[in-house]
There are 2 protein chains.
Amino acid sequence: MARSYNQFCGLAHALDLAGERWTLLIVRELLAGPRRYTDLKDGLLNIPTNVLAARLREMQDNGLVARRRLQPPAASVVVYQLTAEGERLGEAILELTRWGMRTLPADAGARPFRAHWLVLALRASFDPQAARGVSESYELRVEGDQSVSLEIDDGEGSVHVGPAPDAAVRISADAETLAGLIAGALDGAQALERGARVEGDPAALARMREILPAPRA
Amino acid sequence: MARSYNQFCGLAHALDLAGERWTLLIVRELLAGPRRYTDLKDGLLNIPTNVLAARLREMQDNGLVARRRLQPPAASVVVYQLTAEGERLGEAILELTRWGMRTLPADAGARPFRAHWLVLALRASFDPQAARGVSESYELRVEGDQSVSLEIDDGEGSVHVGPAPDAAVRISADAETLAGLIAGALDGAQALERGARVEGDPAALARMREILPAPRA
DNA sequence: CCGCATCCGATGTGATACTG
DNA sequence: CAGTATCACATCGGATGCGG
C-alpha cells in the first residue's frame, strides 16, 4: 500500500484511501458515470498516463472503483466505475467543490475547461430550499459541444449531460462563460458581453438564479 | 506557488489550495482552536518538521491560516489560527470524516490516537434530527487525559474539550476504546470488555446513542 | 524548550516514448 | 485503445542543527 498517515481518525483514514494527488479528480470524472481509460485521461487534462494507471489500481485495491468489460459484442471495451463506497464520496466532493468555487478566479479562458464539469458545478450550486415546489428545467448549451441540463421535479433536482427539450430557460455560451456564470466569477452582464444568449421566460430565469446561487466569497 | 491542477473547476481549485499532503490534517488540528508550532507537530504525530513549516507558509499564502503573536507579556509565543476561509473548510472536512469513519478498521491500539480528535468524531457523528428538543450533556472521559463533551441545548449541539459537570451520561475509558465506540468500530459490549465504565441514566444513554449514530459500513 | 532551517536518502510525479 | 517502461526532477520523511 501507499504511504499512510496511520492515525486512528476518520479524516486521516479517508485521506489514506482517497487523499492522494489526482484521486478525488478521478472520482469527479466517474461520478458522471462509467468511463474508459482514454476518456478519463482526456477529462483530467494533464494527468500523466502512468499516474492514472497507478491510481486506478490503488482505487480498486481500496474498493472505490471497479474495472469491468462491457457485454459482448463490445467485450473488448474496458470501463471503470465507482463502487457504492466510491459513490458515497459524492457529498464530500460537493462540499469541497462549493468551497473551491467561492474563490475560483474569474480568469475564464486562462484555465482549461470541460463541458461535463458543469454537472458538478450545477450539483454543487443547487439549493433545495429555493427549489421547493418548482417543476421545470434549465439547459446550458455549450457552443460546439454538449448541453448540460438541470431538471427539477417538484423540488427534486437532477443534473445530466444532454439537452432539456422543454427547458424553461436556455442559456447558450462558450464553456468558460457558462462555467464562470455558475461559479459566480461572472455576473449576468459580463456573460452577455461575452456573447451569452438567453431564451425563455424572465420569471423562470429569476427562479433559476435563486435555485443556483453562486457560492461566492 | 506549488503544483497546480490548473483546471477551471471548483474541486480542482479547492485541491490546489488545500489538497496537498498533510494540509487538511493541519486544518483538522486548527479547527479546535489556535495552536502553536509544537502543538501542531505533536497533534499530527508523524509530520516532518520541514513539511509542517512549508505547509504553514503555503496556507498563509493561500489565505487559510494566519500567524499571530500573543499579546504582551506573552508576546514571544507564536500561534497559528484559521482565517474565516479556513474555517469554512469545516463542513467538507466533516463529510470526509464521516466517509472515512465508515471503514475505519477496528484495530484500536494499532494506530496512534489523540484525545482531542474525539471532538471531530463527535461533530461528524452528531445527528441534529435525533437531537431535536433534547437539552443535556454527555461527557467522554479519557483515562489519564482530558475529557471531551457534547452539550446539547434545545437540539443545538456543541462539542468542546473539557468536562461537562452536569453530564447526563459519562463514559470513561482509554482513548482508543472511546474512539472505537464513536466510530462504531466497537459496540457497547466490546467497549465494556475493554474496561469502559458508564455512569448516568440508561434512558439518556439510549438517547446519546441515537444522537451519535456511528456512520458505519 | 520553541520555532523553525538544513541536509540527505527514499519515494512519488510528470513528460515522453513505446508496445500488445 | 489501454496501458507499460524509462528517466529527470520535485517532494517527502527522517535526522540533525541552531539561534532566540
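Hydrogens, waters and symmetry mates are skipped; everything else that's a heavy atom, side chains included, is used.
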Handout entry: Lys/Arg N to Asp/Glu carboxylate O, Asp145(A) vs Arg114(A), below 4.0 Å
Key =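 No, no charged N to carboxylate O under 4.0 Å.
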
Nearest-neighbour nucleotide for the [X] side chain, [options] considered:
X	options	answer
Val77(A)	dA2(D), dC12(D), dA5(C)	dA2(D)
Thr38(A)	dG13(D), dC1(D), dC4(C)	dC1(D)
Tyr80(B)	dG13(D), dC4(C), dG14(C)	dC4(C)
Pro48(A)	dG14(C), dT4(D), dG13(D)	dG14(C)
Arg21(A)	dG3(D), dC2(C), dG14(C)	dG14(C)

Spacing of [X] atom [atom1] relative to [N] atom [atom2], expressed in whole Å:
X	N	atom1	atom2	result
Ile26(A)	dG3(D)	CD1	P	12 Å
Asp42(B)	dC4(C)	CG	P	16 Å
Arg3(A)	dT11(C)	CZ	P	9 Å
Arg36(B)	dG20(D)	CZ	C1'	15 Å
Tyr37(B)	dG20(D)	OH	C1'	16 Å
Lys41(A)	dT16(C)	NZ	C1'	11 Å
Glu58(A)	dT13(C)	CD	P	8 Å
Glu20(B)	dG13(D)	CD	C1'	15 Å

Practice task
By nearest nucleotide on DNA chain D, pick out whichever of Val79(A) and Arg55(B) is the more 5' one.
Solution key: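 Final value for this comparison: Val79(A).
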
Is the shortest side-chain N/O distance from [X] to OP1 or OP2 of [N] below 4.0 Å?
X	N	value
Arg69(A)	dC1(D)	no
Arg57(B)	dG3(C)	no
Trp22(A)	dT13(C)	no
Arg67(A)	dG3(D)	yes

Practice task
Using a 4.0 Å heavy-atom cut-off across all strands, classify Thr49(A) as base, sugar-phosphate, or nothing.
Solution key: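 If one applies the 4.0 Å heavy-atom cut-off, Thr49(A) turns out to touch a base.
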
Practice task
Please state whether the base of dG13(D) and the side chain of Asn50(B) form at least one donor-acceptor pair under 3.5 Å?
Solution key: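 A donor-acceptor contact between them is present.
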
Handout entry: Side-chain H-bond candidate by donor/acceptor type, Arg67(A) with Gln60(A), under 3.5 Å
Key =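 Their side chains do not contain a donor-acceptor pair, so the 3.5 Å distance test is not met.
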
Problem - Polar contact flag, side-chain donor to acceptor under 3.5 angstrom, His160(A)-Glu151(A) - result: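 Yes, Glu151(A) and His160(A) have a side-chain donor paired with an acceptor closer than 3.5 Å.
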
Handout entry: Sidechain-backbone polar pair: Tyr5(B) side chain, Trp22(A) backbone, donor-acceptor under 3.5 Å
Key =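 Yes, because the side chain of Tyr5(B) sits within donor-acceptor range (under 3.5 Å) of the backbone of Trp22(A).
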
Problem - Thr83(B) (side chain) donor-acceptor with Leu64(B) (main chain) under 3.5 angstrom - result: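 Between the backbone of Leu64(B) and the side chain of Thr83(B) there is a qualifying donor-acceptor contact (under 3.5 Å).
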
